Amino acid sequence: MQPDNPRILIVEDEPSIADNIAFALQLDGFSSEHQLLASTALSQLHTQTFELVIIDVGLPDFNGFELCKRIREFSNIPIIFLTARSDEIDRILGLELGADDYVTKPFSPRELSTRVKTVLRRVTPSNVSNHPESAHNTTTANPFQVDHERAAITYCHHKLELTRIEYFLLSKLIEHPERVFSREQLMQAAWDNPEHSLDRAVDTHIKGLRAKLNKVSSTHQPIKTHRGLGYSLELNK
Ligand code: CA
């Protein structure tokens, strides 16, 4: 299910390291682009499609953690960190940055490329959430299918026509069925500037989402409200 020559963005301020990575990726059938600065990488990600980003933590303009946070405001693209220091590893593991993997410097570019393949296999649509092979302990099939590459969600085999925010909200809920997400957490997942959004905005978008799901199947009300807490996705209600 991999598209031909998936594009990888390398954000690394040392050109020789980036060249080695690009070469290893090319051997594995990836194409890549390289940015020396976090800011230029961010603008490229806003305008172009990539399958994965490799980010060096130490960058000259703003660091890789900040870049990761800003990317997560608008994209679920897989991220692999390059890090030189053990305290950076602690941060990667300790914070909920939404990184998919990390590699410590010095590293073998071939090993990094292998990690890229592994991460991409994990996030391809067929492996997202309740994959049949891993769903043996659940009794209900997941009516939702998320295609992260196309930012599309199908529900009961119907493709939902979602706004960008509805897409992010619903994919967040689908990631962890039954888990209650606060409005704050949902805002973080869906808004570019969550601090400027209101809890009420989440309610409005959830209302829109429910209407769309209801049009597909009115027997199910999968999004459940938890008074004073937030929302969750219930697959067997
Ligand atoms: Ca660096």
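Since the structure is predicted, the reported quantities are computational estimates derived from the model, not experimental observations.
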Legend entry - Pair Gln48-Arg7, side-chain contact (heavy atoms from CB on, under 4.5 Å): steps then yes or no: CA-CA 10 Å; Gln48 297 177 24; Arg7 288 178 83 215; 3.0 Å; yes
Legend entry - Any Ile80 side-chain heavy atom under 4.5 Å of Val103 side chain: yes
Legend entry - Co-membership, hydrophobic cluster, residues Leu229 and Val202, 4.5 Å side-chain: no
Inset, instruction - Would you check if Phe62 and Arg70 make a side-chain contact, meaning some heavy-atom pair closer than 4.5 Å? - result: yes
Legend entry - Co-membership, hydrophobic cluster, residues Leu37 and Phe65, 4.5 Å side-chain: no
Inset, instruction - Please report the shortest heavy-atom distance between Leu233 and Leu235, naming the atom on each side. - result: CD2-CD2, 3.8 Å
Inset, instruction - Measure from the ring center of Phe181 to the ring center of Tyr231 and say whether it is less than 6.0 Å. - result: no
Legend entry - Interatomic distance, Ser32 atom OG to Leu25 atom CG [nearest 0.5 angstrom]: 5.5 Å
Inset, instruction - Please lay out, stage by stage, how Gln35 and Thr40 fare under the test side chain to side chain donor-acceptor pair (under 3.5 Å). - result: CA-CA 7 Å; Gln35 290 294 344; Thr40 50; 2.8 Å; yes
Inset, instruction - Output yes when Asp100 and Arg72 qualify as a salt bridge under the 4.0 Å nitrogen-oxygen rule, no when they do not. - result: yes
Inset, instruction - Apply the test side-chain contact (heavy atoms from CB on, under 4.5 Å) to residues Ile10 and Asp56: give CA-CA distance (whole Å), side-chain angles for both, the deciding distance (0.1 Å), then the verdict. - result: CA-CA 8 Å; Ile10 305 164; Asp56 181 33; over 6 Å; no
Inset, instruction - Look at the side chain of Asn63 and the backbone N and O of Glu66, then say whether any donor-acceptor pair between them is shorter than 3.5 Å. - result: yes
Inset, instruction - Would you kindly confirm whether Ile206 and Val180 end up in one hydrophobic cluster when ILVMFWY residues are joined by side chain heavy atoms under 4.5 Å apart? - result: no
Inset, instruction - Answer with yes or no after comparing the ring centroid distance for Phe74 and Phe168 against a 6.0 Å cut-off, counting only values under it. - result: no
Inset, instruction - Hey, could you give me the CD1/CD1 distance between Ile174 and Ile153, rounded to the nearest 0.5 Å? - result: 4.0 Å
Inset, instruction - Can you establish whether the number of heavy atoms outside Lys69 located under 6.0 Å from its atom NZ is more than 12? - result: no
Legend entry - Approximate separation, where rounding is to 0.5 Å, of Arg115 CZ and Leu52 CG: 12.5 Å
Legend entry - Donor-acceptor pair, side chain of Ser217 and main chain of Leu213, under 3.5 angstrom: no
Legend entry - Qualifying residue, where the test is side chain to side chain donor-acceptor pair (under 3.5 Å) with Ser232 and the options are Glu178, His226, Arg179: His226
Inset, instruction - Starting from the C-alpha separation in whole Å, work towards a yes-or-no answer on side chain to side chain donor-acceptor pair (under 3.5 Å) for Asn5 and Ser31. - result: CA-CA 6 Å; Asn5 286 328; Ser31 63; 5.8 Å; no
Inset, instruction - Indicate the atoms forming the closest heavy-atom contact of Ala38 with Leu67, along with that distance. - result: O-CD1, 3.6 Å
Legend entry - Check: Ser108 side chain, Arg110 main-chain N or O, donor-acceptor pair, under 3.5 Å: yes
Legend entry - Asp28 side chain near Val116 side chain, heavy-atom distance below 4.5 Å: no
Legend entry - N/O donor-acceptor pair under 3.5 Å between Ser171 side chain and Tyr167 backbone: yes
Legend entry - Nearest atoms (heavy-atom pairs only) where Gly64 meets Phe81: O-CE2, 3.5 Å
Legend entry - Exam field: side chain His34 to backbone Glu12, donor-acceptor pair closer than 3.5 Å: yes
Inset, instruction - Nearest 0.5 Å please: distance from the CZ atom of Arg210 over to the CG atom of Leu170. - result: 11.5 Å
Legend entry - Nearest heavy-atom neighbours spanning Leu160 and Lys212: CD2-O, 4.2 Å
Legend entry - Close side-chain approach of Ile79 to Tyr102, heavy-atom, < 4.5 Å: no
Legend entry - Heavy-atom neighbours of Phe23 CZ exceed 12 at 6.0 Å: no
Inset, instruction - Using modelled atom types only, decide if a donor and an acceptor are shared between the side chain of His46 and the backbone of Gln44 within a distance under 3.5 Å. - result: no
Legend entry - Leu120 and Glu51, any side-chain heavy atoms less than 4.5 Å apart: yes
Inset, instruction - To the nearest 0.5 angstrom, please state how far the CG atom of Asp13 sits from the CG atom of Asp61. - result: 9.0 Å
Legend entry - Hydrophobic cluster membership, Leu27 vs Ile21, 4.5 Å side-chain cutoff: no
Legend entry - Side chain to side chain, Thr49 and Ile77, heavy atoms closer than 4.5 Å: no
Inset, instruction - Could you check if a side-chain atom of Leu42 sits within less than 4.5 angstrom of a side-chain atom of Val11, using non-hydrogen atoms only? - result: no
Legend entry - Shortest non-hydrogen contact from Glu166 toward Glu161: OE1-O, 4.2 Å
Inset, instruction - With rounding to the nearest 0.5 Å, note down the distance linking NZ in Lys224 to CG in Leu173. - result: 13.5 Å
Inset, instruction - Answer with yes or no whether the hydrophobic clustering places Phe50 together with Leu36; edges join I, L, V, M, F, W, Y residues whose side-chain heavy atoms lie under 4.5 Å apart. - result: no
Legend entry - Side-chain heavy atoms of Leu45 within contact of Ile71, under 4.5 Å: yes
Legend entry - Lys105 atom NZ, over 12 foreign heavy atoms within 6.0 Å: yes
